[in-house]
There are 2 protein chains.
Amino acid sequence: MKTSLKPIKAKRISDQVFEQLRDLIYQGELRPGDQVLPERDLSVALGVSRTTVRNAINKLVVLGLLEHKQGQGTFVRHPDAKTRHPLAVAMSLEMEEATLEDMLEVRMGLECNAAALAAARATEEDIDRMIGCLEAMEADFRQKGDNINPNVDADFHMAVAYATKNPVHTYIMKNFHDFLFVGIQENLRMLYEDPKNIEDVLEQHRKVFNAIRRRDPEMAASAMKLHIRYVMLFFRDHSRRDLLDKIRVTES
Amino acid sequence: MKTSLKPIKAKRISDQVFEQLRDLIYQGELRPGDQVLPERDLSVALGVSRTTVRNAINKLVVLGLLEHKQGQGTFVRHPDAKTRHPLAVAMSLEMEEATLEDMLEVRMGLECNAAALAAARATEEDIDRMIGCLEAMEADFRQKGDNINPNVDADFHMAVAYATKNPVHTYIMKNFHDFLFVGIQENLRMLYEDPKNIEDVLEQHRKVFNAIRRRDPEMAASAMKLHIRYVMLFFRDHSRRDLLDKIRVTES
DNA sequence: TAAAGTTTATTGGTAATACCAATATAAATT
DNA sequence: AATTTATATTGGTATTACCAATAAACTTTA
């Protein structure tokens with residue numbers, strides 16, 4: 001009888017610490033906003049050096065799971081944190097020649113597909129969430145008349161993302177939210193200066209939503225395509241120096 | 001006259017080191033495979049402590065730009081390195097409940113769109129590269145008859161990616177190559193056990209390619225959709241325990 | 001002289017200690 | 001009660017030492 005031996009590869013102590021902390025986050029024992037034990041306490045609790053703990057924590061910070069605050073502590077990062085996601089920072093700096101249109105082209109691929117999946121899979125709760133986003137946008141519009149908050153645009157897209165029930169898609173949208181959305185937000189402000197444009201976008205969101213509610217994947221994809229194309233064309237007409245610069249960061 | 005003051009935010013020394021090293025890589029002064037100065041030499045050259053250098057290098061490692069080799073040195077990582085990209089590792093571990101089908105659904109969105117863009121933008125060089133990939137796959141098939149190398153499948157998809165001329169899409173496909181492709185490669189081996197299936201896939205690749213060469217974006221997207229759907233249906237019919245497990249990594 | 005074994009050097013990984021710097025909290029002063 | 005100062009907490013950097021993995025150089029053996 002043949003037996004096969006597999007080489008034993010020692011795992012770095014700091015990687016083991018990393019995995020313990022990561023698993024605490026994934027399993028919900030450390031929730032967004034929670035403070036992680038201070039480094040000195042962690043090193044005592046884990047029986048490793050503070051250097052090793054710092055290595056592990058640094059890795060979690062780069063991956064966007066934790067954030068350092070000197071003088072305050074280390075905290076589990078909110079997925080929707082206002083601080084820029086470190087991966088988004090890294091990506092945007094590596095693609096300094098990318099344009100807003102490049103970004104929207106990729107979103108075209110991701111989100112048209114998402115709209116179709118959402119149409120096939122959305123639950124009543126998902127539908128309600130989308131209604132909430134549309135109503136928030138409409139309320140903002142009625143109240144202000146212009147210059148509405150571009151976050152409500154992203155919120156609607158995130159609601160569609162959740163409705164896909166696809167964890168890969170959801171992960172990409174959540175973790176690269178900064179990268180996929182923040183870059184265009186300043187441009188959206190320009191778009192939203194004109195009430196006519198807001199009405200257009202609202203109408204487009206409604207069309208996407210109606211197609212999803214009617215469980216029509218092709219129509220949902222088509223409506224999302226028209227929406228993103230509309231935004232793309234607006235930016236072509238109103239081009240300024242690519243504001244992707246704005247998400248290129250000098251601080252983390 | 002009003003003057004506005006902006007708060008001065010000190011940048012961490014280790015982040016400054018990180019940026020210097022990253023820029024050397026981006027600017028091509030450090031190329032894939034090159035060894036970075038040993039940590040002790042870097043700390044002398046930069047006038048900072050070895051701890052600070054290690055912090056910066058660790059960040060570059062997590063982002064997939066560098067790799068450590070104890071006893072050997074620190075090297076600029078090849079984008080096509082056989083070692084798994086750290087971000088892909090992190091993503092796959094965070095999405096442990098994701099299935100192969102989830103993965104393919106996201107690729108459906110990205111790659112159908114890419115096929116359409118490639119049809120609009122491919123250069124003659126891109127066309128030649130795709131021809132090369134098809135020929136490599138056909139040659140492999142003629143030579144072996146079955147069990148061809150699944151890398152040639154990914155190569156063709158990468159060639160389409162480059163033809164989009166979209167740096168965001170190209171970045172995603174390059175850096176998440178592990179995540180997007182490696183996970184299905186073992187499944188592709190199963191697919192390629194049957195010569196009939198290889199013929200099917202070759203035919204589908206040819207259809208995508210022909211639509212690109214004919215500059216027909218809609219047909220290219222449609223052909224890519226049929227291809228990915230074929231693969232998706234194959235895996236539904238031949239489901240085994242999700243082999244995404246296989247890309248969940250116990251080592252980095 | 002080639003192969004095998006041993007020793008040494010190089011480089012990353014961890015540990016311990018000390019101190020700096022940012023921030024929050026407590027105590028003292030006005 | 002408000003302001004100022006001192007202290008404590010926590011992350012950031014520095015230094016020194018040693019461990020561990022790997023490669024290179026050297027020595028020994030057949």
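Any value given below was found using the heavy atoms of this structure, including those in side chains, with hydrogens, waters and symmetry copies removed.
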List the residues meeting salt bridge (Lys or Arg N to Asp or Glu O under 4.0 Å) with [X], not counting sequence neighbours, and say none if there are none.
X	answer
A/R40	none
B/E39	B/R50, B/R54
A/E138	A/R206
B/D155	none

side-chain contact (heavy atoms from CB on, under 4.5 Å) filter on B/V201, not counting sequence neighbours, yields B/M137, B/D153, B/L191, B/Y192, B/Q204, B/H205, B/H227, B/Y230

Which residues pass the side-chain contact (heavy atoms from CB on, under 4.5 Å) test with B/V61, sequence neighbours left out?
B/I57, B/L66, B/H68

Figure out the [atom1]/[atom2] separation between [X] and [N], and round it to whole Å.
X	N	atom1	atom2	result
A/L37	D/dT9	CG	C1'	14 Å
A/I13	D/dC18	CD1	P	18 Å
B/F75	D/dA21	CZ	P	18 Å
B/R12	D/dA14	CZ	P	11 Å
A/K11	D/dA20	NZ	C1'	18 Å
A/K59	C/dG13	NZ	C1'	14 Å

For A/S43, which contact category applies under a 4.0 Å heavy-atom criterion: base, sugar-phosphate, or nothing?
nothing

Report all side-chain donor-acceptor pairs from residues 27-34 of chain B shorter than 3.5 Å, counting only partners two or more places apart or in another chain.
residue, atom, partner, partner atom, Å
B/R31, NH1, B/G28, O, 3.1
B/D34, OD2, B/R31, N, 2.9

Contact list please: residues 45-56 of chain B against DNA chain C, heavy atoms, distance less than 4.0 Å, in numerical order.
B/R50, B/R54

Taking A/D140 first and then A/K144, would you say they form a salt bridge - that is, a charged N and a carboxylate O separated by under 4.0 Å?
yes

Which pairs, protein N/O on one side and nucleotides 5-11 of chain C N/O on the other, fall under 3.5 Å?
residue, atom, partner, partner atom, Å
C/dT11, O2, B/G71, N, 3.4

